[in-house]
2 protein chains.
Amino acid sequence: MNKTVSDIASLKIVSPPVTLREIALERMRDAIISGLFAPGQRLVERTLCDQLGVSRSVIREVIRHLQAEGLVDIAKQGPVVASMDWHGARQIYDIRAALESSAVADCARAADIETKDKLRLVLDELDQNSRRNEPPTVLDVTTRFYEIIFAAAGHDIAWEIVSRLNSRISRLRVMTLSTTNRSVSGPAQLREIFAAIERNDPDAAAKACREHIAAAARLAESLLQKED
Amino acid sequence: MNKTVSDIASLKIVSPPVTLREIALERMRDAIISGLFAPGQRLVERTLCDQLGVSRSVIREVIRHLQAEGLVDIAKQGPVVASMDWHGARQIYDIRAALESSAVADCARAADIETKDKLRLVLDELDQNSRRNEPPTVLDVTTRFYEIIFAAAGHDIAWEIVSRLNSRISRLRVMTLSTTNRSVSGPAQLREIFAAIERNDPDAAAKACREHIAAAARLAESLLQKED
DNA sequence: CTCGATCATATGGTATACCATGATACCATC
DNA sequence: GATGGTATCATGGTATACCATATGATCGAG
């Protein structure tokens with residue numbers, strides 16, 4: 001891996017081939033994540049064709065993709081929006097704890113000035129939005145925070161997995177983030193993770209990260225049981 | 001949840017709707033995993049139609065699914081079999097170490113007589129096959145061993161992730177398992193994990209599991225670098 | 001001889017048509 | 001009135017047709 005190669009690699013055209021499928025995929029995923037399509041709701045192909053204004057081929061391929069992502073289940077009479085019980089959510093929080101703490105630790109090992117600056121910037125942004133109590137934006141910024149961490153740690157496959165898992169518990173995340181307690185403690189915990197990264201302390205960073213997720217999981221559990 | 005309910009639940013028809021898509025998906029996945037389709041090879045839709053004897057709709061939906069699974073990349077002129085470099089493989093081994101050691105620990109906490117019996121049975125089978133040096137079967141049995149562990153630990157989502165990751169490094173796994181050293185040390189390490197589970201010792205089980213995977217990763221690294 | 005332009009073909013993207021199956025509602029018969 | 005059968009319709013599965021584009025080859029001009 002010499003300089004020339006990386007220079008050439010950086011020349012790669014990053015044009016996202018904006019195909020109908022890609023657009024429809026994003027729309028559908030957003031619709032499911034945002035709760036516009038409720039869990040358990042049937043996804044009738046022809047209806048979706050009308051709603052999205054595309055043909056069935058597109059819809060079907062999108063559904064296949066979402067099925068593989070775990071956002072859609074195939075019942076016996078067709079695809080439905082996957083629903084999430086506490087057993088599944090608990091597992092997802094556990095997996096996140098494992099993967100995110102590992103990424104955070106590796107990030108703390110490898111973090112340079114540049115990475116730290118980027119993280120600090122995102123955290124400042126989070127503080128501002130948090131004061132205004134805007135859940136969707138907070139979720140966005142939190143995502144960016146972790147995205148930087150996973151990238152700095154070189155854990156791009158783990159990031160892919162975590163992103164996918166997060167979309168499966170997105171409703172829970174929105175609920176936990178909009179809890180008033182959380183809007184105070186959440187940023188504080190992220191700051192703690194950042195502080196450990198800043199002084200390149202992997203163990204402390206991993207520990208803070210695990211606590212952060214454990215707190216979110218506890219909150220999610222109470223909310224989920226209240227919902228029943 | 002009383003007895004009658006579970007009895008009634010067990011009556012549920014478990015017929016897997018054997019659709020052309022499902023068959024084609026399995027075939028294609030096997031073909032990629034087994035290396036019949038080499039990494040980087042173009043997957044031409046119409047060619048696959050002829051080879052599998054199905055229509056393009058089926059092939060395309062299957063490709064979407066495999067794309068979401070990470071077995072297929074979409075290049076600018078169409079889908080190709082995803083290839084795996086050491087950077088990616090390393091990450092996958094790390095993720096496996098995290099998820100499998102966690103599952104093994106939870107399994108050690110929860111394991112009852114029945115689970116232990118099932119694990120012992122699989123290990124005996126592994127010993128027999130290992131002596132005959134049959135790599136594909138060894139891989140199969142190893143997979144079953146972990147499947148039992150993840151099921152006993154209640155980590156079914158993590159199992160899904162691990163299965164998918166394993167298919168992405170299947171070639172590496174075949175190579176590492178067919179190494180003579182490994183056919184001796186591999187079963188021994190699984191035995192060690194099992195011993196820890198049998199005496200319900202989560203920490204020892206997790207430790208043995210991490211070592212098992214670290215050994216496989218080292219072997220994979222040397223093989224991968226030799227290949228270049 | 002080389003460079004370029006144009007045409008042909010291969011390939012993926014999209015839409016639509018047809019078929020098999022399963023669900024539901026209504027009707028007839030016991 | 002209840003039960004069983006039948007017909008209709010909704011829905012997913014499959015195949016195919018059409019279009020846009022990119023790639024490669026061939027032919028002509030400089």
Side-chain angles (χ1 to χ4, degrees), chain A residues 8 11-29 31-32 36-83, chain B residues 8 11-29 31-32 36-83:
Chain A
I8 289 174
L11 285 180
K12 193 193 293 183
I13 309 270
V14 67
S15 70
V18 60
T19 160
L20 259 192
R21 249 190 27 242
E22 305 275 353
I23 301 173
L25 177 61
E26 274 182 47
R27 293 279 178 89
M28 290 274 302
R29 194 191 284 126
I32 292 176
L36 200 131
F37 291 157
Q41 180 178 335
R42 287 269 280 101
L43 294 173
V44 179
E45 297 179 354
R46 285 174 173 81
T47 307
L48 292 171
C49 293
D50 292 344
Q51 289 174 339
L52 296 190
V54 296
S55 123
R56 273 185 73 205
S57 323
V58 178
I59 292 291
R60 285 180 62 88
E61 288 176 29
V62 167
I63 287 178
R64 289 310 146 245
H65 203 111
L66 293 174
Q67 177 190 0
E69 283 187 18
L71 257 53
V72 164
D73 280 341
I74 303 297
K76 59 179 182 306
Q77 44 252 53
V80 296
V81 178
S83 51
Chain B
I8 289 175
L11 284 179
K12 195 192 290 183
I13 310 255
V14 65
S15 68
V18 57
T19 162
L20 259 191
R21 246 190 29 239
E22 305 275 351
I23 302 173
L25 176 61
E26 274 182 46
R27 293 278 177 87
M28 289 275 299
R29 191 191 285 124
I32 293 176
L36 200 134
F37 290 155
Q41 178 178 337
R42 288 269 279 100
L43 293 174
V44 179
E45 298 179 354
R46 284 172 173 80
T47 308
L48 293 172
C49 292
D50 292 344
Q51 290 174 337
L52 296 190
V54 295
S55 127
R56 271 185 75 204
S57 323
V58 178
I59 293 291
R60 285 180 63 88
E61 288 177 29
V62 166
I63 288 179
R64 287 310 148 246
H65 203 112
L66 293 174
Q67 176 191 0
E69 282 187 19
L71 257 54
V72 163
D73 280 339
I74 304 296
K76 60 176 183 307
Q77 44 253 55
V80 298
V81 178
S83 50

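Residue numbers start from 1 in every chain, and the chains themselves are labelled A, B, ... in the order their sequence lines are given, proteins ahead of strands.
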Evaluate the side-chain proximity of B:Gln67 to A:Glu61: yes if any heavy-atom separation is below 4.5 Å, no if none is. no
With distance as the sole criterion, do the side chain of A:Arg60 and the base of D:dG12 form a donor-acceptor contact below 3.5 Å? no
Specify the separation, in whole Å, of atom NE2 of A:His65 and atom P of C:dG13. 14 Å
Side chain to side chain contact (heavy atoms under 4.5 Å, CB included) partner of A:Val72, the single match among A:Ile32, A:Val81, A:Val80: A:Ile32
Nucleotide nearest B:Arg21 when distance is taken to its side chain, options D:dG12, D:dT14, C:dG12: D:dT14
Report which part of the nucleic acid A:Arg56 touches: base, sugar-phosphate, or nothing (heavy-atom distance under 4.0 Å, all strands). base
Applying the side chain to side chain contact (heavy atoms under 4.5 Å, CB included) test to B:Leu48, which of B:Val62, B:Leu43, B:Val54 qualifies? B:Leu43
Of B:Gly53 and B:Arg46, the one whose closest DNA chain D nucleotide lies more 5': B:Gly53
Tightest non-hydrogen contact, residues B:Cys49 and B:Ser55, listed as SG-C, 3.7 Å
Using atom CZ of B:Arg42 as one end and atom C1' of D:dA22 as the other, report the distance to the nearest whole Å. 11 Å
For C:dG13, does OP1 or OP2 lie under 4.0 Å from any side-chain N or O of B:Arg64? yes
Separation of D:dT16 atom P from B:Asp50 atom CG, nearest Å, is 11 Å
Let me know the distance between CD1 of A:Ile59 and P of D:dG12, rounded to the nearest Å. 11 Å
Measuring only between side-chain heavy atoms, which start at C-beta, is B:Leu52 closer than 4.5 Å to B:Met28? yes
If you find the nucleotide of DNA chain C closest to B:Glu45 and the one closest to B:Ser57, which residue's nucleotide is nearer the 5' end? B:Glu45
Which part of the nucleic acid, if any, lies within reach of B:Leu43 when heavy atoms closer than 4.0 Å are counted: base, sugar-phosphate only, or nothing? sugar-phosphate
Taking any heavy-atom pair under 4.0 Å as a contact, classify B:Ile63: base, sugar-phosphate, or nothing. nothing
Would you kindly give the CG-to-P distance between B:Leu20 and D:dG13, to the nearest whole Å? 11 Å
Calculate the interatomic distance between B:Leu52 atom CG and D:dG13 atom C1'; express it in whole Å. 17 Å
